[in-house]
Amino acid sequence: MGIFKKKNKATEATEEKKVDLKQLALEAVNEKLNGTLYDDCIIMPKGYTIDVQIGRNEESNGVRLLAVIYIIKNDMFDEPIIDPVDAQGRTEEEAVKMAADIFFAGIWHPLSQSMIKKNPTHISVDYLNQHYDFDMYAQSVVRIGVSEEKTPTMLLNYIREDIPKYLGSKKYYWIRIFLAKMKERTVIEVRINGTVCSNLAEKFKEYVESWGDTDRFLCEKQYGVFVQREDDMCPFNKELVVNVTKRAIKLLENCNSPEEYKEIIKEIEELAGDKALASEIRIFVPEILAKLTIGYGEGDSLFLMKDGSSIEFRKTQLRSYFYIQQVLLEYLSKRPEQERVMKIVANSVAFREVRKAHEAGHEPKDLYVPGTSYSIGLEDYKVW
């Protein structure tokens, strides 16, 4: 009996085609960037690297439909910038060229501006007795299917007053606004550092409705890049949060008593080396896991309970929040036993409230909360 299966010619041809198409996409975008192609990515000055992945690749009515995903990394980024681009052409060569044009006119424009500090707009940020100054760089709106007679609208202007409420202590933030409409289907998506911000998406509903009914695919996209003027002074990094969160998950899914829980708190504090960070991990692991598994709607806000009052700010302003969420998404992707998951979720305040609502006859999917409330018992607690 053969242990190794021999690939058939069709499989080999498909794999070869995918590899060639990626190379084609890299070469197309590098013609514009003039970087260095090395090890299946483009190396640019100032520590930037650009990789591409091929998503959809199909033919419809003689037109090649292609999705190219551009991944930009830099040591100063907490998260890579991921820019998915839909393109089309009569051939694959035409499609990857169109994708490269959109990428270059889109996210790469404000990034290149930020490298030489060209025409920045000052953005002042104040929250929780903290102050940060950012320089904003934005590109023209990328439009597909929209009549050239229609004057382009700066999409960032719709959320200009809200932007400072979403920027925190990180060195870099970026906002991606994506609006699309075809027939009865509408897509409105606003992401900050890759995270969907549902409250910001609401700001564009009336604008997209003004496009009216259309049988054509209409799309508008804009990026904004925000660079903090000061260096990142955060006392911990993403790697530490990820490692401590992974350990906290293991401990919490095996916790069987209040006494064990107290020991878990001690171990998390020792691993984190910081009581505030340890508290954030201990609190948000069950809260985020409850949101991911139960499926109730939640807004962009956090509510810090302090001195008998509630102070509202945004999840994007607490860097540990999405580090923790990323670990939990990876944890759930491995399909852990439900019993272990529920041991963690049982520590969630939101879970207990949702359970009460469910007992009163409400379905979790129909529930919506504006955000998560939490408290840190430290006088000098600072949100990073």
Side-chain angles (χ1 to χ4, degrees), residues 10-11 13-33 35 37 40-42 44 48-73 77 79-111 139-146 155 174-197 201 204 208 211 214-223 225 326 329 333:
T11 302
T14 300
E15 291 181 355
E16 184 179 352
K17 192 171 185 179
K18 286 182 179 178
V19 172
D20 288 345
L21 193 54
K22 175 176 178 176
Q23 185 66 24
L24 203 64
L26 281 168
E27 290 172 355
V29 77
N30 196 45
E31 283 183 14
K32 293 182 168 294
L33 300 178
L37 274 169
D40 281 342
C41 73
I42 301 170
M44 297 293 294
Y48 288 90
T49 62
I50 301 166
D51 189 10
V52 301
Q53 293 179 3
I54 304 301
R56 181 180 61 166
N57 178 18
E58 59 189 47
E59 189 175 338
S60 176
N61 298 322
V63 178
R64 174 61 56 181
L65 303 174
L66 188 66
V68 181
I69 303 164
Y70 297 91
I71 303 166
I72 310 170
K73 295 182 180 179
F77 295 171
E79 305 88 7
I81 300 178
I82 300 176
D83 184 24
V85 173
D86 289 315
Q88 63 184 42
R90 290 171 297 179
T91 63
E92 290 179 335
E93 288 79 5
E94 282 190 6
V96 295
K97 185 181 183 303
M98 180 181 181
D101 288 342
I102 294 173
F103 169 81
F104 188 75
I107 180 58
W108 192 253
H109 182 206
L111 269 180
Q139 106 285 13
S140 301
V141 177
V142 175
R143 304 192 296 171
I144 298 174
V146 181
L155 301 179
W174 49 91
I175 294 179
R176 177 182 183 264
I177 303 167
F178 179 79
L179 313 176
K181 189 172 186 179
M182 184 174 180
K183 295 183 178 179
E184 70 281 355
R185 190 182 175 208
T186 298
V187 177
I188 302 175
E189 185 179 86
V190 182
R191 290 178 179 266
I192 297 182
N193 287 27
T195 297
V196 174
C197 296
F204 294 94
V208 175
W211 295 0
T214 176
D215 289 333
R216 292 184 301 152
F217 175 71
L218 303 180
C219 170
E220 292 189 1
K221 180 168 71 171
Q222 187 176 29
Y223 266 98
V225 173
Q326 178 184 327
L329 287 168
S333 71

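Side chains are part of it too, since the values below use all heavy atoms of this structure and drop only hydrogens, waters and symmetry mates.
- With a 4.5 Å cut-off on side-chain heavy atoms, I102 and I144 count as touching.
- Here the side chain of T91 pairs a donor or acceptor atom with the backbone of E94 at under 3.5 angstrom.
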As a quick check of understanding, evaluate side chain to side chain contact (heavy atoms under 4.5 Å, CB included) for V225 and I107, giving each step before the final call.
CA-CA 8 Å; V225 173; I107 180 58; 4.0 Å; yes
Kindly determine whether D101 and K32 satisfy side chain to side chain contact (heavy atoms under 4.5 Å, CB included), including the steps that lead there.
CA-CA 8 Å; D101 288 342; K32 293 182 168 294; 2.5 Å; yes
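- No side-chain heavy atom of V96 sits under 4.5 Å from any side-chain heavy atom of E27.
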Might you work through the salt bridge (Lys or Arg N to Asp or Glu O under 4.0 Å) test for D83 and R191, ending with a clear yes or no?
CA-CA 11 Å; D83 184 24; R191 290 178 179 266; over 6 Å; no
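- Contact check for R56 versus P84: no side-chain heavy atoms found under the 4.5 Å cut-off.
- Separating the NZ atom in K183 from the CG atom in D215 is a distance of 5.5 Å, to the nearest 0.5 Å.
- Listed by chain and residue number, H109, P110, V142, Q222, Y223 satisfy the side chain to side chain contact (heavy atoms under 4.5 Å, CB included) test with Q139 (two or more places apart in sequence, or in another chain).
- Judged by distance alone, with hydrogens and angles left aside, the side-chain atoms of D51 form no donor-acceptor pair with the main-chain N or O of C41 at under 3.5 Å.
- Rounded to the nearest 0.5 angstrom, K181 NZ and W211 CH2 are separated by 8.5 Å.
- Using a 4.5 Å heavy-atom threshold, the side chains of W108 and I50 count as touching.
- In this pair, W174 and F77 present their aromatic rings tilted. The plane angle is within the 30 to 60° band.
- For A95, the side chain to side chain contact (heavy atoms under 4.5 Å, CB included) test picks out R64, L66, with sequence neighbours left out.
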